[in-house]
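Only one structure is covered here, and it is reproduced in the block below.
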Amino acid sequence: MDKKLRRSRTDRWVSGVCGGIAEYLDIPSIAVRLGFLILSPTLLIYIILAVLIPEED
């Protein structure tokens with residue numbers, strides 16, 4: 001199986017970055033969202049990922 005990192009269209013709150021990362025790692029999306037929340041200076045990283053990661057088909 002060839003997994004690709006994509007922003008989620010179905011599991012999204014803002015742009016689907018956390019949902020896409022969660023699908024790629026096969027973990028709950030709330031865990032990824034909490035990770036971004038705990039590491040709050042990652043807002044800039046989130047914005048960069050939202051631009052760089054393509055949206056799923």
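The structure presented is a predicted model; accordingly, all values stated were derived computationally and were not measured.
Looking at residues two or more places apart in sequence or on another chain, you find no side-chain hydrogen bond (donor to acceptor under 3.5 Å, both in side chains) involving Arg6. Partners of Ser15 according to the side-chain hydrogen bond (donor to acceptor under 3.5 Å, both in side chains) rule, which considers only residues two or more places apart in sequence or in another chain, are Tyr46.
Tested against Cys18, the residues Val32, Ile30, Asp11 include a single side chain to side chain contact (heavy atoms under 4.5 Å, CB included) partner, Val32.
Interatomic distance, Ile47 CD1 to Leu52 CG, rounded to the nearest 0.5 Å: 12.0 Å. Note that CG of Leu34 is 6.0 Å distant from CD1 of Ile38, once rounded to the nearest 0.5 Å.
Counting heavy atoms from C-beta outward, Tyr24 and Ile53 have side chains that stay 4.5 Å or more apart. A heavy-atom distance below 4.5 Å is not found between the side chains of Ile21 and Arg33.
Checked by atom type and distance alone, the side chain of Arg7 never pairs as donor or acceptor with a backbone atom of Gly20 at under 3.5 Å.
Heavy atoms only, all atoms of each residue included: Ser8 and Gly19 are closest at CB-C, 3.8 Å.
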